[in-house]
Undergrad: 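Just passing along the structure, written as structure tokens.
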Amino acid sequence: MFISAKNIFKNYGSTQALSDISFEVNKNELFGFIGPDGAGKTTLFRILTTLLLADKGSATINGWDVVNDFKTIRNNVGYMPGRFSLYQDLSVEENLTFFATIFGTTIEENYDLIRDIYVQIEPFKKRLAGKLSGGMKQKLALSCALIHAPELLVLDEPTTGVDAVSRKEFWEMLRNLRDKGITIIVSTPYMDEASLCDRVALMQNGKIMQIDTPQHIVGEFPRKLYAVRSSNMYSLKDDLLHFPEQHSVHLFGQYLHFTAREREADILGLRHYLEGKNHQNIIIEAIEPGIEDCFIELMTENSASNEN
Amino acid sequence: MRTILYIIQKEFIQISRNRSMLPIIFVLPIVQLIILVNAATLEMKRVNMCIVDSDLSSTSRQMTDKFKGSPFFKVKESTFSMEEAEQSLQKDKIDVILRIPQHFERDLVRNNGGKVQVIINAINGTAGGIENAYITNILMEYNKQVTAEWVGVSTKGPLPVPSVAVTTSYWFNPQLNYKTFMVPAVLLLLVTIIGMFLSSLNLVREKELGTIEQINVTPIHKYEFIAGKLIPFWIIALFELGFGLTIGKLLYNIPMLGSLWLLFGVAAIYLLVVLGIGLLISTSANTQQQAMFVSFFFMIVFVMMSGIFTPVESMPVWAQRLNLINPIAYFMRVIRMILLKGSGFTDILKEVISLAVYAWIILTLAVWRYRKVA
């Protein structure tokens, strides 16, 4: 195991930020923490990068304890905080040189590692970091986090606030880095990015709900999922919620995702029910669930079990 | 060591990119030295005075002439009505009333003594005290003159009356030039303000911008980071001292009797204390605003208690004890002693040792307070 965390708890005053977090990450894995804002992702990353002490529990990175071996960890981990934390009044090159030197290395020494990323911002190397666009800032931050050739890369919401094209590029870069032998843990609030990870942990309210490969998580979705649409979407949601057989109804873009209590829904019955409610142009299709469907399903299951 | 150099380099690049820094470094000292040194003077000139002479004798006239001839007083009003004079004082038109009662001359001749009344506006206590001293001085002079004349007239010969002649000489500032006294103090203020404020705002700025997060995950040592933050402002403040001394010499021709090397040596230690306090504030504050207010609080207390305007010796004993932890008080003594008196190393040894111990304690605290782990 490259990273191993056991029963981590962390409270901020009376707010529970992390509750009984345990997980393992293999060497050379691209591991994602998926969850909404406030799920505890940043707190967890700060504990792993030795910036914060957990109240309870332990964690090791490559066998180094996050409390006792913090010096070794700081030398071998690259961390990219969620907020852009480089010096805005230093140029691209100055930032990179600065972080290289305080890690006791030079840009040239590890240029191989950052080349693919750095060439994209090298034309602007004299520009102040504060004057870069969001996507370029993020590439610079990644270069700075990589400059000392870390064994583990910790990226806290690297794609938040970045456009779709840059996001796609960024994930490609991460996969390349993984192929070069770097273990990566990354957090994101975007469910669609889960499928780009080797394995993901779904987080909610300081707890991990599930850890698995994205394919498995989707495969384990317990019901058949249907996309439903009609000309009157507003009343459609209401009507579906009142359908006796319904298990869940959620709005996804232009469709409502619907599951029934049984594994498979009685599509004909549903259609008749909706026609009886004066819906027109009814479309009901069986679809493959996405991570988001699984996430919502897990969330409702968890809150139901909490209530019991 | 190399790491510290790179942090210092980084800080200097950032300082040079900050547009407000150059004016702060170059304009601030000139403005402070010109305004404060000229404005903060205790010399009183042309104090407005009202004379109520109800005697109108030759003696009373002689006496009022003494005041009219003095550069310190301007006889703005003369009246016979005490009420009128008091009204003028109420309205702030005049600051001092000299009242010479009726039969002043007669009493002086007959009873060997006359009485005059002096009323002073003491809203500003210090000014009132100084005015009183000036007036007493003039009256004493006049008294001597009168005594000499009267005694001389009656005995026609050398005085049999024994008297003690007092000659005063003011050492280290023979002309009692106020500027000589103020320039070193203002210089010290300047260096302290620059040092404490810049250092206290700098580290907390990294906290506000979040850049400290990226620093904290690096293997950088706490002492390296603190040293890297301290040294740039230490250099700037020492430069500032040199710059200020040059202006002081050019504009006011202040005396520099002692060794400048010694002065800079002590300043170097003193600045470690001031910058250390700034960094200590910075490590404990979360926003620049907090750091600013806390630094401001310490600055005001330290400055007012340092003996810049009022002598430390006149403070209550507990306040003098409190000055043990006031770095400005130490350096205030030292800078005046070196520049005005030409004191050598052994004369200021006590202050140097105190400052060195202080610097060591403060810097240790600052390094200890700076947390890389929350």
Side-chain angles (χ1 to χ4, degrees), chain A residues 10 12 17 42-43 45-54 66-67 69-91 93-106 128-131 140-142 144-145 147-148 150 152-154 156, chain B residues 1-22 24 198 201-233 282-283 286-288 367-374:
Chain A
K10 177 75 192 178
Y12 294 117
T42 302
T43 304
F45 280 14
R46 285 171 57 90
I47 289 173
L48 291 177
T49 48
T50 75
L51 289 176
L52 195 67
L53 294 175
V66 288
V67 180
D69 307 318
F70 68 93
K71 281 186 182 157
T72 324
I73 291 181
R74 284 180 187 161
N75 269 310
N76 291 289
V77 172
Y79 174 47
M80 185 172 150
R83 202 170 138 205
F84 184 70
S85 318
L86 301 178
Y87 293 100
Q88 313 242 9
D89 47 0
L90 293 186
S91 71
E93 200 180 22
E94 285 161 351
N95 264 302
L96 199 57
T97 313
F98 177 69
F99 282 101
T101 47
I102 59 174
F103 275 104
T105 178
T106 57
L128 296 187
K131 301 234 159 77
L140 175 60
L142 185 60
C144 286
I147 194 63
H148 57 294
L152 172 68
L153 199 52
V154 180
D156 191 9
Chain B
M1 253 338 268
R2 234 169 61 106
T3 314
I4 299 181
L5 285 180
Y6 281 110
I7 302 174
I8 294 171
Q9 188 191 23
K10 183 214 95 181
E11 291 297 329
F12 271 117
I13 295 177
Q14 288 185 301
I15 291 168
S16 69
R17 299 241 163 98
N18 189 337
R19 278 158 193 271
S20 55
M21 281 306 272
L22 286 185
I24 287 176
L198 291 186
L201 290 183
N202 182 281
L203 203 149
V204 81
R205 198 174 110 94
E206 294 228 16
K207 277 193 205 171
E208 269 188 358
L209 293 175
T211 49
I212 203 144
E213 195 82 346
Q214 197 84 62
I215 290 286
N216 285 349
V217 289
T218 66
I220 205 165
H221 291 284
K222 296 202 308 186
Y223 76 87
E224 288 174 332
F225 189 61
I226 293 288
K229 287 281 169 199
L230 189 129
I231 293 168
F233 297 110
S282 210
T283 51
N286 289 319
T287 62
Q288 295 192 62
V367 172
W368 173 75
R369 271 295 304 173
Y370 165 52
R371 292 286 153 88
K372 288 181 83 175
V373 179

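Note that the structure is predicted; figures quoted are calculated from it, not measured. Letters go in sequence order (proteins before strands), and every chain restarts at 1.
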Undergrad: Taking every non-hydrogen pair under 4.5 Å, which of B/Ile220, B/Thr218, B/Thr3 racks up the most with chain A?
TA: B/Thr218

Undergrad: Pick one of side chain, backbone, both or neither for A/Phe98, based on which atoms fall under 4.5 Å of a heavy atom in chain B.
TA: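 Side chain only.
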
Undergrad: Just do the side chain to side chain donor-acceptor pair (under 3.5 Å) check on B/Glu11 and B/Asn202 with the steps written out, would you?
TA: CA-CA 9 Å; B/Glu11 291 297 329; B/Asn202 182 281; 3.2 Å; yes

Undergrad: Counting heavy-atom pairs under 4.5 Å with chain B, which one of A/Phe84, A/Tyr87, A/Phe103 comes out on top?
TA: A/Tyr87

Undergrad: Could you check which of A/His148, A/Glu94, A/Lys71 has the highest count of heavy-atom pairs closer than 4.5 Å to chain B?
TA: A/Glu94

Undergrad: Which atom pair, heavy atoms only, marks the closest approach of B/Ile15 to B/Pro232?
TA: CD1-CB, 4.4 Å

Undergrad: What residues, two or more places apart in sequence or in another chain, satisfy ring pair (Phe, Tyr, Trp, His ring centres under 6.0 Å) together with A/Phe45?
TA: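 A/Phe33.
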
Undergrad: Please state whether the side chain, the backbone, both or neither of A/Leu128 comes within less than 4.5 Å of a heavy atom of chain B.
TA: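 Interface part for A/Leu128: side chain.
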
Undergrad: Would you say A/Thr105's side chain and A/Ala100's backbone share a donor-acceptor pair under 3.5 angstrom?
TA: no

Undergrad: Under 3.5 Å, sequence neighbours excluded: what are the donor-acceptor pairs made by side chains of residues 208-216 of chain B?
TA:
from: B/Glu208; atom 1: OE1; to: B/Gln288; atom 2: NE2; distance (Å): 3.0
from: B/Glu208; atom 1: OE2; to: B/Gln288; atom 2: N; distance (Å): 2.8
from: B/Thr211; atom 1: OG1; to: B/Glu206; atom 2: O; distance (Å): 3.3
from: B/Thr211; atom 1: OG1; to: B/Glu206; atom 2: OE1; distance (Å): 3.0
from: B/Glu213; atom 1: OE1; to: A/Arg46; atom 2: NH1; distance (Å): 2.8
from: B/Glu213; atom 1: OE2; to: A/Arg46; atom 2: NH1; distance (Å): 2.2
from: B/Gln214; atom 1: NE2; to: A/Tyr79; atom 2: O; distance (Å): 2.7
from: B/Asn216; atom 1: OD1; to: B/Tyr370; atom 2: OH; distance (Å): 2.8

